[in-house]
Amino acid sequence: SDLSPLTDCPGLNRLSLVDTAVSDLSPLAGHPSLKELTLSCTKVTDVSPLATIPTLEMVWLYGTAVEDVSCLASLPRLNDLNLRKTQVVDLSAFKGREHILGIERKKLGLKKAGKLKKLLVTGCLSQRYPEDIRAELPEVDGLLGTGSYTQVAAAVEALMAGERPEYFGDIHRTYEDGERLVATPPYTAYLKIAEGCSNGCAFCVIPKLRGKYRSRSVEALLAEAEKLAASGVRELIVIAQDITRYGLDLEPETSLARLVKELCKLDFHWIRLHYLYPEAVTDELIDVIAHEPKVLHYLDIPIQHCNDGILKAMRRRNTRAELEALFARLRSAMPDVVIRTSLICGLPGEGEAEFEELCDFLREQKLQRVGVFQFSPEEGTLAAKMENQVDPDTAARRVELVVDLQSRIMDEYNEARLGTVMEVLCEGFDSAEGCCAGRTYADSADIDGRVLFTAAGPVPAGEFVNVRITGVSDGDLTGEIEE
């Protein structure tokens with residue numbers, strides 16, 4: 001668990017920490033030769049020491065508790081950053097075109113060295129800057145926009161045939177074609193019910209890159225969900241940029257509440273809902289969530305702020321009073337409801353009074369799960385052009401204050417679980433902890449905490465067990481299986 005002995009290893013180029021108890025990377029600060037670092041299932045939360053290692057070329061963070069990697073954007077040689085199964089959401093530090101093109105240039109170096117045969121640039125970068133890529137990176141072999149994901153196989157075939165494919169399909173299309181590939185553990189799967197977004201928040205560029213909001217058909221979703229259930233998926237996580245507007249654009253019109261009722265008829269044990277916009281949560285939907293046993297009383301409702309002036313500047317469609325009323329309705333219908341939200345600190349116009357109001361709101365509401373991010377002026381958004389931009393250092397300090405405040409609220413919630421018996425979805429044996437690990441209804445995959453528990457014998461991953469909660473450890477719950 002201690003990396004201090006590695007401080008004096010100047011010849012070390014590659015380091016892999018897999019299933020370890022390492023939590024502190026500070027001994028690696030300023031390392032003279034480290035090029036590749038892999039962290040998997042460690043307790044690391046702070047990667048800032050890595051920003052002082054100029055030789056780093058590859059950083060893989062797999063299944064860690066890291067939430068902020070913005071400091072790594074300054075590494076001059078970084079060309080491979082893998083964040084799979086982490087809690088990282090904000091990649092704004094890596095979104096500047098010059099920085100991204102710089103990373104692509106490094107990949108071109110691999111191509112020239114014979115380590116990379118072809119380079120296909122896909123997703124938001126190619127959708128947003130195709131002309132810049134053509135002009136500045138002529139060695140790129142092909143481009144794939146956000147409206148052409150199902151053409152990736154065809155693009156690769158064209159590449160290997162010596163062609164230069166450029167596929168830019170309609171970004172407003174709905175994906176109903178292609179076979180579903182499940183990249184999660186076999187007991188958990190995501191169901192994306194809509195593409196794009198039409199909310200037009202002032203700080204967000206998604207509508208320009210991924211198109212307007214369009215719901216997938218009920219028939220296609222149920223067919224996909226039936227296959228997932230038949231394959232053994234026990235937890236279905238329903239997602240979209242905004243699931244609450246599902247079906248309003250279909251003919252005939254339908255709703256999220258009706259879709260969820262249909263999903264509840266399938267052989268899932270848990271159904272989890274992510275990204276409900278507060279102004280679109282209806283009484284019908286609350287009633288379905290409250291009374292359908294399979295639907296978890298865990299709701300991810302991004303509010304971004306609570307101050308009315310900031311919400312208006314963000315082009316959000318609710319007020320603080322309306323947010324408070326919604327949370328009251330949810331808690332009245334489901335006293336055990338766990339609410340997750342996301343917040344932005346440092347939007348232009350946010351002064352100390354607005355920030356303190358946000359802190360007071362959190363103290364009053366005691367939301368159990370909160371992700372907080374520093375505002376970053378995204379090119380092409382209204383917020384990037386606003387007056388009264390907040391100093392980045394001030395915004396960063398506010399983020400730290402909210403994180404500290406929220407950690408105390410989460411500790412209170414965890415301590416209130418002591419002595420209770422909770423249903424846990426086992427995710428397997430954690431060799432670093434020497435016990436089983438799993439999640440309760442209050443913990444979504446990859447972003448929330450875990451329950452570490454002991455059992456008399458092996459517990460298969462994907463099995464639901466009852467665990468008596470006996471302790472709290474670094475934000476995770478601990479307990480023992482209730483036979």
Side-chain angles (χ1 to χ4, degrees), residues 23-26 43-52 61 64-75 81 83 86-96 99 201-205 275 300-307 309-311 313-314 316 320 323 339-378 381 383-384 386 388-413 444 446-449 474-475:
S23 60
D24 182 16
L25 297 179
S26 58
K43 293 184 177 180
V44 171
T45 59
D46 179 21
V47 295
S48 59
L50 303 184
T52 65
L61 308 175
T64 69
V66 173
E67 295 184 354
D68 182 11
V69 295
S70 58
C71 61
L72 302 183
S74 63
L75 289 172
L81 179 62
L83 304 173
T86 70
Q87 299 185 51
V88 175
V89 177
D90 184 10
L91 290 174
S92 56
F94 297 85
K95 288 182 179 177
H99 182 86
C201 297
F203 52 82
C204 183
V205 76
Y275 317 127
D300 193 329
I301 306 174
I303 64 171
Q304 309 304 348
H305 214 281
C306 72
N307 173 265
I310 298 298
L311 289 171
M314 288 179 166
R316 306 289 286 187
R320 173 174 178 168
L323 293 174
I339 300 174
R340 163 171 276 282
T341 197
S342 56
L343 304 171
I344 296 177
C345 288
L347 191 93
E350 183 193 60
E352 290 300 325
E354 289 81 5
F355 174 68
E356 187 56 41
E357 181 181 346
L358 177 62
C359 293
D360 288 341
F361 179 85
L362 292 174
R363 294 186 190 100
E364 295 169 6
Q365 292 297 320
K366 296 187 181 299
L367 305 178
Q368 298 93 331
R369 305 283 188 253
V370 172
V372 55
F373 309 101
Q374 179 179 341
F375 169 75
S376 177
E378 185 67 45
T381 63
M386 288 180 179
N388 300 317
Q389 295 280 332
V390 176
D391 177 73
D393 290 338
T394 299
R397 178 183 61 82
R398 291 174 182 173
V399 168
E400 292 175 357
L401 291 173
V402 171
V403 169
D404 182 63
L405 168 61
Q406 187 59 31
S407 66
R408 295 196 295 272
I409 294 172
M410 291 177 63
D411 287 344
E412 290 177 11
Y413 172 75
S444 194
D446 301 331
I447 58 174
D448 295 317
D474 294 330

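Given the structure is predicted, the values throughout are model-derived calculations rather than measurements. No hydrogens, no waters, no symmetry mates; every other heavy atom, side chains included, goes into these values.
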Notebook entry, point to check: What is the minimum heavy-atom distance between Gln389 and Pro348, and which atoms define it?
Noted result: NE2-CG, 3.3 Å

Item checked: Check: Asp448 side chain, Ser444 main-chain N or O, donor-acceptor pair, under 3.5 Å -> yes

Margin query: For the CD1 atom of Ile301 and the OH atom of Tyr275, what is their distance to the nearest 0.5 Å?
Written below: 13.0 Å

Next item on the list: Could you check Leu347 against Val390 for side chain to side chain contact (heavy atoms under 4.5 Å, CB included), going step by step and ending with a plain yes or no?
Entry: CA-CA 7 Å; Leu347 191 93; Val390 176; over 6 Å; no

Notebook entry, point to check: From Phe203 CZ over to Ile344 CD1, what is the distance, rounded to the nearest 0.5 angstrom?
Noted result: 4.0 Å

Check: Do the side chain of Gln304 and the main chain of Cys201 share a donor and acceptor less than 3.5 angstrom apart?
Finding: no

Notebook entry, point to check: Can you find a pair of side-chain heavy atoms, one from Phe361 and one from His305, that are under 4.5 Å apart?
Noted result: no

Note to self: For Ile310 and Glu357: C-alpha separation, side-chain torsions, deciding distance, then whether side chain to side chain contact (heavy atoms under 4.5 Å, CB included) applies.
What the structure shows: CA-CA 11 Å; Ile310 298 298; Glu357 181 181 346; over 6 Å; no

Note to self: Looking at every non-hydrogen atom in both residues, tell me the closest pair between Val399 and Phe373 and how far apart they are.
What the structure shows: CG2-C, 3.8 Å

Checklist line | Point-to-point distance, once rounded to the nearest 0.5 Å, from CG of Leu401 to CG of Leu358 | finding: 11.0 Å

Checklist line | Note: Asp360-Arg363 ion pair, threshold 4.0 Å (strictly below) | finding: yes

Checklist line | Salt bridge flag under 4.0 Å for residues Arg398 and Glu354 | finding: no

Next item on the list: Answer yes when Arg408 and Asp404 have at least one side-chain N-carboxylate O distance shorter than 4.0 Å, and no when they do not.
Entry: yes

Checklist line | Shortest non-hydrogen contact between Gln368 and Ile339, atoms and distance | finding: OE1-N, 3.1 Å

Next item on the list: Taking all heavy atoms of Ala202 and all of Ala313, pick out the closest pair and write down the distance.
Entry: CB-O, 3.3 Å

Note to self: Rounded to the nearest 0.5 Å, what separates atom CD in Gln406 from atom CG in Leu367?
What the structure shows: 6.5 Å

Next item on the list: May I ask you to decide if Pro392's main-chain N or O and Gln374's side chain share a donor-acceptor pair within less than 3.5 Å?
Entry: yes

Checklist line | Electrostatic pair Glu364-Arg320, nearest N-O below 4.0 angstrom | finding: yes

Next item on the list: Could you tell me whether a side-chain N or O of Thr341 sits under 3.5 Å from a main-chain N or O of Ile303, the two making a donor and an acceptor?
Entry: yes

Notebook entry, point to check: Under a 4.5 Å cut-off applied to non-hydrogen side-chain atoms, are Leu343 and Val370 in contact?
Noted result: yes

Check: Is there side-chain contact between Cys71 and Val47, with heavy atoms separated by less than 4.5 Å?
Finding: yes

Next item on the list: Salt-bridge test for Asp300 and Arg369: reply yes if a basic N is under 4.0 Å from a carboxylate O, no otherwise.
Entry: no

Checklist line | Side-chain donor/acceptor of Glu350 to backbone N/O of Gly346, under 3.5 Å | finding: yes

Notebook entry, point to check: Could you state the interatomic distance from CE (Met314) to CE (Met386), rounded to the nearest 0.5 Å?
Noted result: 8.5 Å

Next item on the list: Determine the minimum heavy-atom distance between Val402 and Cys345, stating which atoms define it.
Entry: CG2-SG, 3.9 Å

Next item on the list: Drop me the distance from Asn307's CG to Phe355's CZ, to the nearest 0.5 angstrom.
Entry: 12.5 Å

